[in-house]
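Positions are given from 1 along the sequence. Quantities reported herein were computed from a predicted structural model and do not represent experimental measurements. In listed order, ligands and their atoms are each counted from 1.
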Amino acid sequence: TYVVTDACIKCKYTDCVEVCPVDCFYEGEVMLVINPSECIDCGVCEPECPAEAILPDTEEGTEKWLELNTKYSAEW
Ligand code: SF4
């Protein structure tokens, strides 16, 4: 899965949301999040993010972001 990280905070762009083929972006408290169980790992959103906030969860240091993405996307 891909995860949204802190560079998204206060970002006003939603380019990622528009390109996602499965609509798995959700609005968290201060940032967008990806629902890990819905993300199909297509990678389309990553280059669309102007803040470079979207990373694959295979990247080092993304564990806590995966947790937050899971948490905030589950409330919907
Ligand atoms: Fe959506 Fe693909 Fe990005 Fe996952 S990797 S959030 S499916 S655009």
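Distance CG/Leu66 to OG1/Thr58: 11.0 Å, rounded to 0.5 Å. Here the CD-CH2 distance, from Glu59 to Trp65, works out to 14.5 Å after rounding to the nearest 0.5 Å. A distance of 6.0 Å separates CG of Asp41 from OH of Tyr2, quoted to the nearest 0.5 Å. With rounding to the nearest 0.5 Å, the separation of CD1 in Ile54 from CG in Asp15 is 9.0 Å. Of the inter-residue distances, the one linking Thr14 atom OG1 with Glu48 atom CD reads 11.0 Å to the nearest 0.5 angstrom.
Taking backbone and side chain together, Cys20 holds no N, O or S atom under 2.8 Å from atom 4 (Fe) of ligand 1.
Less than 4.0 angstrom separates some heavy atom of Cys42 from each of these atoms of ligand 1: 2 (Fe), 5 (S), 7 (S), 8 (S). For ligand 1, the atoms lying closer than 4.0 Å to a non-hydrogen atom of Gly43 are 2 (Fe), 5 (S). Heavy-atom contacts of Val22 reach the following atoms of ligand 1: 7 (S) (cutoff under 4.0 Å).
Heavy-atom neighbours of Glu38 CD from other residues, nucleotides or ligands within 6.0 Å: above the threshold of 12.
Heavy atoms of Ile34 found under 4.0 angstrom from ligand 1 belong exclusively to the side chain. By the criterion of a heavy-atom distance under 4.0 Å, the side chain of Cys24, and not its backbone, is placed next to ligand 1.
For Asn69 (side chain) and Val4 (main-chain N/O), a donor-acceptor pair under 3.5 Å exists by modelled atom type.
Pro21 counts as a contact of ligand 1, since one of its heavy atoms falls under 4.0 Å from the ligand.
Of the protein's heavy atoms, Cys39 SG, 2.3 Å lies nearest to atom 4 (Fe) of ligand 1. Considering only non-hydrogen protein atoms, atom 7 (S) of ligand 1 sits nearest to Ile40 N, 3.4 Å. Nearest protein heavy-atom neighbour of atom 3 (Fe) of ligand 1: Cys45 SG, 2.3 Å.
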